[in-house]
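Letters go in sequence order (proteins before strands), and every chain restarts at 1.
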Number of protein chains: 2
Amino acid sequence: MVAGYDAVTVEDDSRGVSPETSRRVTLRDVARIAGVSHQTVSRAINGKGEIDPETRRRVLEVVQQLRYRPSRHARGLVRPDTTTIGLIVADVVNPYFPELIAGVISAAEQRGWKVLISTTQDDPGREPELLRSLAGQVDALIGYLFQPEDVIAGAVEGLPLVVINRPARHPAFSAVEVDVRAGVEAAMEHLIARGHRRIGMIDCPSAADPSRRDVLLAAAAAHGVPIAADAIVEVEQSQAGGEAGLARLREVRPDVTAVMAFNDMVAMGAHRTARRLGLSMPGDIALIGFDGLSFGELLEPPLTTVGIDKRGLGELAVAQVERLLAGDTPPTVVAPTRLLIRGSA
Amino acid sequence: MVAGYDAVTVEDDSRGVSPETSRRVTLRDVARIAGVSHQTVSRAINGKGEIDPETRRRVLEVVQQLRYRPSRHARGLVRPDTTTIGLIVADVVNPYFPELIAGVISAAEQRGWKVLISTTQDDPGREPELLRSLAGQVDALIGYLFQPEDVIAGAVEGLPLVVINRPARHPAFSAVEVDVRAGVEAAMEHLIARGHRRIGMIDCPSAADPSRRDVLLAAAAAHGVPIAADAIVEVEQSQAGGEAGLARLREVRPDVTAVMAFNDMVAMGAHRTARRLGLSMPGDIALIGFDGLSFGELLEPPLTTVGIDKRGLGELAVAQVERLLAGDTPPTVVAPTRLLIRGSA
DNA sequence: TTGTAGGCGTTATCAC
DNA sequence: GTGATAACGCCTACAA
């Protein structure tokens, strides 16, 4: 009993004299004040093992009073590990991402995993920093990243990483890619079947390899409908970029009858410009986007586009993580695309 | 030394013979194989303290070879805590949420916090289970929840919780609310100023209190433009609900000239029905949504709506968490709304 | 430069 | 029913 008494005094000290130095309230603090062993407190909290109801009540009271909260780290150390994966994207609001995120979350949840999300707020420069800070908290990472591979590799230091927007050259990475080639191919065939022979593109800078532009050029050439160099304009990846893009393209090549946009955002801008110029779609000009974002359905006419199964992409990424975690080095997985013919082409 | 030797054997066992039983690779395993103390390994990994480059190289090699990864829990136990907050929403894809999530993430990031996201996949029944499982991983929770308060309270057991879609009656909760009253009020004034006198509503079931319906009725009454009981139809909260809602309303009260929808999703459905019926907006019928989702801008005519600063809502929630974590019991915070007059009313 | 001892907060196992 | 004692995997002293 003397020991208990002593302890209480110590407790009073640390709590009364210097509450600012607020050390964390621990199981032992509760135990001391409640006059029981820390083990009993544990039992009271977890409802495990036999314990006198009265003791339990008293302990829980002290728990409340001290605002005690168990340390998740201490728990994690002792209990079977919950695996947590980190997800880094540029921006949650970009309509491309929510579905992707949903795929990751649901696939993770199926496995009983948790997902930690971070965004670069559209600033790729923050990637290394984010990767580093997430790396300490998770068991693996999934990222839609733009930095050079060695920069990324340096930041994650051996943590399993799955990249979802580009090929993985670096041996430490694993990748999920979109079948851009098949998508562009399908779009091209569609346009040609509709009689288009002078096709243009509103492209954007991208780290992908091969780029959409290369793929498009190849597909067009393969079909004997070569694309003129000046029928490809490059703009910033945004709606505004798309608006400017179509305007520019019309100036340079007014004879173009069909346009493939880098993605739906850009296509939406082009769509806007087309309407502003009084061009009917698909009559005066056919327009095809890429991504298959749902807002395209709301446009008038609705946007024809190469749809990506973004949800599936997220799920595949989690599956890759699973194999990585198991010690595998899985080959790149390719997510399919599907032409969504909706009206603008 | 015998102990060490034994251990090596065990290690060999667990890796070679039964990789399924795979115990975690620890710092000590690395140390043993590298022939140094676990402390040296720690130094090699963290780059702290003096260490012979050659030793370091050798250690890191073993680290690679054994695929050693430090345990985040063990680290967390010793290092200053990263605070992590859990965020629970129904579904990331619902266009209401991405902005909210973005707000939470950016506010959290500003404070150096991490965000763990979970979704109920639109099944409120999963809330207790999710809350419980998240509770073990985070320092506080933010949730867009539908279960009764005591159910929630039981699941989080004292973890700080901020609810963002309803008032907090329970003392353990803290809340961020949307200023529905002001929003509805503004919408009402707008309609009345435009000469509308027979106003209807497409409502949905909701846990909010007071409900949007009550608020609308009060506002209407206050302006001397009472709303007939049968001018309020209740539908499921979805686009399909909205479609059915306006159709039903037109049948019962064809004289209604303006309709307030429960939210933008529902309004979009109504918008569709209006077009299908050949009703011009805002001429034949004025339509106002709620939420201020951006897709409303793409409709033709664009949807007039009561806008919510969803990003701000998320930021406010994080601020509430901060106060909660500091030991405060902050009062409910109200996020403002703003009428976005875009065309449909 | 390297190794040893102790502790972080929790749970499990075993006595009492 | 309750309480010691020993892990869990890591890091920060401090000693060698």
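Among the nucleotides D:dC11, C:dT10, C:dG3, the one closest to any side-chain atom of A:Arg28 is C:dT10. Of the candidate nucleotides D:dC11, C:dT10, C:dT2, D:dC11 has the atom lying nearest to any side-chain atom of B:Asn46. Listed nucleotides: D:dC10, C:dG3, C:dT10. Nearest to the side chain of A:Leu27: C:dT10. Closest to the side chain of B:Gln39, from the set D:dA13, D:dC10, C:dG9, is D:dA13. Comparing atom distances between the A:Leu77 side chain and each of C:dG9, D:dC11, C:dT13 picks out C:dG9 as nearest. Taking the side chain of A:Thr26 as heavy atoms from C-beta on, and the options C:dT10, C:dT1, D:dG9, the nearest nucleotide is C:dT10.
Between A:Phe146 and A:Tyr144, the ring-plane angle classifies as perpendicular under the 30° and 60° cut-offs.
Contact of B:Arg43 with C:dG3 (side chain to base): a donor-acceptor pair of N or O atoms is detected under 3.5 Å.
Look at B:Arg75 and you'll find a side-chain N or O under 4.0 angstrom from OP1 or OP2 of D:dC11. Put simply, B:Thr55 has no side-chain N or O that comes within less than 4.0 Å of OP1 or OP2 on C:dT1. Put simply, B:Ser42 has no side-chain N or O that comes within less than 4.0 Å of OP1 or OP2 on D:dC10. Contact annotation: B:Ser37 reaches the phosphate of C:dG3 (side-chain N/O to OP1 or OP2, under 4.0 Å).
At a threshold of 4.0 angstrom between heavy atoms, the contacts of B:His38 include nucleobase atoms, whether or not backbone atoms are also involved. Nucleic acid contact class of A:Arg72 (heavy atoms, under 4.0 Å, all strands): none.
Salt-bridge annotation for A:Arg111 and A:Glu322: present, with a side-chain N of the basic residue lying under 4.0 Å from a carboxylate O of the acidic one.
Atom CD of A:Gln147 and atom OG1 of A:Thr120 lie 9.5 Å apart (nearest 0.5 Å).
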Item to check | Stepwise salt bridge (Lys or Arg N to Asp or Glu O under 4.0 Å) test for A:Arg69 and B:Asp139 | outcome: CA-CA 9 Å; A:Arg69 309 245 68 241; B:Asp139 302 296; over 6 Å; no
